[in-house]
Protein chains: 2
Amino acid sequence: MGVIRKTKSVEALLNEFNQGQEAISAKQLIEQLDSKFNKTTIYRVLDRLEEDGVLHSFLGKDGLKWYAKCNGCSASKHKDVHPHFQCLKCGKVDCLSINMPIPHIPNRKVEVSQILIQGLCEQCFV
Amino acid sequence: MGVIRKTKSVEALLNEFNQGQEAISAKQLIEQLDSKFNKTTIYRVLDRLEEDGVLHSFLGKDGLKWYAKCNGCSASKHKDVHPHFQCLKCGKVDCLSINMPIPHIPNRKVEVSQILIQGLCEQCFV
DNA sequence: AATATAATGCAACTAAGTTGCGATAACAAA
DNA sequence: TTTGTTATCGCAACTTAGTTGCATTATATT
């Protein structure tokens, strides 16, 4: 079932993410690749890449969906549980490779946690 | 400027939040009060209550906007920086009164942080 | 080359949230 | 109480990120 095919859109998107380590929003990818691919295609390829553990996704401060490369994820399990950082000046979003332990909460079961930190990135924090 | 008026919609919304400590999504409030108020009104009243430091808002796991009562906020400063919890079974969302220190990140300035923890709430975690 | 089916493009749709504007209602001052 | 100012409301139309259905095309397998 569902072997991912090496199509032009897949290549193009992977290429975008291989330009750097930054996260890229679906919106930005659609604008960027507008002349080459339909937005539906882009959404679907992103879905597939996420399912396959190539990318992971999260929501930025405005509720937009962002994607970034995975490190150590597989199709069966996304191990990437790290904070994301969104720069309030330049808008850049990336993954932070720091460990943020989620405290145990009495009488509840913690399954996932999303942490979005906002502030000034290295370039903007002079 | 801008003294908030005690209108019926303001009263109705405050009343909803005084039913308990849970967070309520804008969507839910609109559905709930649909017969009494226009959705535009509800969005605007929520905005005003947030500006006045009565409510604070955050995004849930699907990017929907949620509101909850503030504790110790003022119009000038929202002091409420705490994690929020969304139950994956019953959907309930609330504020956690635990302190989560944001680690210092080298060469960046941290200004805000949003933490959303998902799992099972007290009622659903049997 | 033939086949099966994954992937694409297009158009139409969904849903949360926003905007403009004329009408209405709070509230303070007379 | 009445009046005047202006905050607030309701409505309709809009915006925008993301989704869906379906006919067509491309990929990979035999």
Side-chain angles (χ1 to χ4, degrees), chain A residues 1-17 23-68 75 84 86 91 93 114 116, chain B residues 1-17 23-68 75 84 86 91 93 114 116:
Chain A
M1 45 160 70
V3 181
I4 194 165
R5 292 186 180 175
K6 275 277 163 52
T7 61
K8 285 174 186 171
S9 56
V10 169
E11 270 181 59
L13 281 179
L14 287 180
N15 182 53
E16 292 294 326
F17 285 98
I24 317 178
S25 66
K27 185 190 176 189
Q28 188 184 328
L29 288 166
I30 288 166
E31 287 167 358
Q32 219 156 301
L33 301 171
D34 182 49
S35 60
K36 295 185 183 164
F37 305 102
N38 188 277
K39 68 172 178 172
T40 310
T41 300
I42 293 176
Y43 280 119
R44 290 198 272 226
V45 173
L46 289 171
D47 278 352
R48 260 181 278 147
L49 291 174
E50 183 173 19
E51 267 175 38
D52 274 32
V54 180
L55 301 177
H56 65 282
S57 73
F58 54 94
L59 301 181
K61 73 182 178 72
D62 302 311
L64 290 197
K65 205 162 185 182
W66 290 76
Y67 289 85
H84 293 102
Q86 184 158 25
V93 174
Q114 295 171 22
L116 180 67
Chain B
M1 47 163 67
V3 181
I4 194 166
R5 291 185 179 175
K6 275 277 164 51
T7 61
K8 285 174 186 172
S9 57
V10 169
E11 269 182 60
L13 283 179
L14 287 180
N15 182 54
E16 292 294 326
F17 285 99
I24 317 179
S25 67
K27 184 190 177 191
Q28 189 184 328
L29 287 166
I30 288 165
E31 288 168 357
Q32 219 156 303
L33 300 172
D34 182 49
S35 60
K36 294 184 183 164
F37 305 102
N38 188 276
K39 67 172 178 173
T40 311
T41 300
I42 293 176
Y43 281 119
R44 291 198 272 226
V45 171
L46 289 171
D47 278 353
R48 261 181 277 147
L49 291 174
E50 183 172 20
E51 267 175 36
D52 274 32
V54 179
L55 301 178
H56 65 282
S57 73
F58 54 93
L59 301 180
K61 72 181 177 73
D62 302 311
L64 290 197
K65 206 163 185 183
W66 290 76
Y67 288 85
H84 294 103
Q86 184 158 24
V93 174
Q114 294 172 22
L116 181 67

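Per chain, numbering begins at 1; letters A, B, ... match sequence-line order. What you see is a predicted model; the values in this text were computed from it and never measured.
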How long is the line joining NZ of B:Lys6 and C1' of C:dC27, in whole Å?
13 Å
Rounding to an integer number of Å, can you tell me how far A:Asp62 CG sits from C:dG17 C1'?
13 Å
Atom-pair distance (CG on A:Asn38; P on D:dG18), nearest Å:
15 Å
Between B:Tyr43 and C:dT18, is there a contact of a side-chain N or O with OP1 or OP2 at under 4.0 Å?
no
Do B:Thr40 and C:dT19 have a side chain to base donor-acceptor pair shorter than 3.5 Å?
yes
From the set D:dC9, C:dA6, C:dA16, return the single nucleotide nearest to any side-chain atom of A:Arg5.
C:dA6
Rounded to whole Å, please give me the gap between NZ in A:Lys8 and C1' in C:dA6.
16 Å
Interatomic distance where NZ belongs to A:Lys61 and P belongs to D:dA17 [whole Å]
14 Å
Look at all strands and tell whether B:Arg44 reaches a base, only sugar-phosphate, or nothing, counting heavy atoms closer than 4.0 Å.
base
Out of D:dT19, C:dA16, C:dG17, whichever nucleotide has its closest atom nearest the side chain of B:Lys65:
C:dG17
Nucleotide nearest B:Thr7 (side chain, heavy atoms from C-beta), chosen from D:dC9, C:dA7, D:dA17
D:dC9
Of A:Thr41 and B:Glu31, the one whose closest nucleotide on DNA chain C sits nearer the 5' end is A:Thr41
Contact check, side chains of A:Lys65 and A:Leu46, non-hydrogen atoms, under 4.5 Å
no
Residues A:Val10 and A:Arg5: closest non-hydrogen pair is CG2-O, 3.6 Å
Report the distance from atom CG of B:Asp52 to atom C1' of D:dA7, rounded to the nearest whole Å.
13 Å
Check: B:Lys39 side chain, C:dG17 base, donor-acceptor under 3.5 Å
yes
Rounded to whole Å, CG of A:Leu29 lies from P of D:dG18 at a distance of 11 Å
In terms of the angle between their ring planes, are B:Tyr67 and B:Phe17 parallel, tilted or perpendicular, with boundaries placed at 30° and 60°?
perpendicular
B:Ile30 or A:Ile42: which one's nearest nucleotide on DNA chain C is closer to the 5' end?
A:Ile42
Within the structure shown, what part of the strands sits under 4.0 Å from A:Leu64 by heavy-atom distance: base, sugar-phosphate, or nothing?
sugar-phosphate
Sub-3.5 Å donor-acceptor pair from the side chain of A:Gln114 to the main-chain atoms of A:Leu59, do we have one?
no
Just one of B:Leu64, B:Asp62, B:Ile42 clears the side-chain contact (heavy atoms from CB on, under 4.5 Å) bar with B:Lys27, so which one?
B:Leu64
In terms of side-chain heavy atoms of A:Ala26, which of C:dG9, D:dG18, C:dC27 is nearest?
D:dG18
Mind calculating the distance between CD1 (A:Ile4) and P (D:dT27) to the nearest angstrom?
14 Å
